[in-house]
Amino acid sequence: MTEQYPGAVPPSPNHPQTPPAGPYQGAPQHGGFQPPYPNAPDQGPYQQNPQYPNPQYPNAPQPYQAPPQNGPYQQNPPFQGAPYQGVDDRERRRATRTIGIGAVFFVIGLLITVLTYSNASGSGGVYIVAWGPMLFGGIRVIIGLVLLAKSNR
């Protein structure tokens, strides 16, 4: 046996050889299907055991119930206005803040351009045209004016 399977441990010589297992007692000899419970209870499959009733779960989903009707036509209450009246104030503050930030950027870009030009004109050097902050500031001012016009409607 060890020649056929290298590394296998041979059985001890005192170990008795057991015959191959035969059919177990009570097995059907004719073949075929045998139900697991020969005397099935009177209940059908998958039914609740009467000794253990269904538990009641407090958070279980409930069946749908239609709302009560007050007649053939049900009307919604009239609209009472916006729930928060400070919306216009917030929009107006946002618009003025946007205009202010845009103006600050525009002025910074204009100051950089004017100061570097004045230094370069006296000594003949190089000056900077800061068109980026001026463009950004101009766009923000226009956006702020549009927001302000919308908030005043």
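Values below: all heavy atoms of this structure, side chains included; hydrogens, waters and symmetry mates excluded. None of the values given here were measured: they were computed from a predicted structure.
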M134 and T113, any side-chain heavy atoms less than 4.5 Å apart:
yes
In this structure, are over 12 heavy atoms from other groups packed under 6.0 Å from I128 atom CD1?
no
Indicate, with yes or no, if F136 and L110 share a hydrophobic cluster defined by side-chain heavy-atom contacts under 4.5 Å among Ile, Leu, Val, Met, Phe, Trp and Tyr.
no
Nearest heavy-atom pair of I99 and V141: which atoms, and what distance?
O-CG2, 3.8 Å
Should V104 and L135 be counted in the same cluster of Ile, Leu, Val, Met, Phe, Trp and Tyr side chains packed under 4.5 Å apart?
no
Using the ring pair (Phe, Tyr, Trp, His ring centres under 6.0 Å) criterion, which residues pair with F106? Sequence neighbours excluded.
none
Determine the minimum heavy-atom distance between G137 and F105, stating which atoms define it.
CA-CB, 3.9 Å
For A130 versus P133, what's the shortest heavy-atom pair and its separation?
O-CD, 3.6 Å
Distance col, row I143:CD1 vs I101:CD1, nearest 0.5 angstrom, shows 11.5 Å
From R94 CZ over to K150 NZ, what is the distance, rounded to the nearest 0.5 angstrom?
9.5 Å
OH (Y127) and OG (S121) are apart, to the nearest 0.5 Å, by 9.5 Å
Please name the pair of heavy atoms, one in A95 and one in G144, separated by the smallest distance, quoted to 0.1 Å.
CB-O, 3.5 Å
Check the hydrophobic clustering (I, L, V, M, F, W, Y; side-chain heavy atoms under 4.5 Å; chains of links allowed) and say if V114 and I112 are grouped together.
no
From CD1 (I139) to OG1 (T98), nearest 0.5 Å
13.0 Å
Rounded distance [0.5 Å steps], CZ in R140 versus CG in L147
8.0 Å
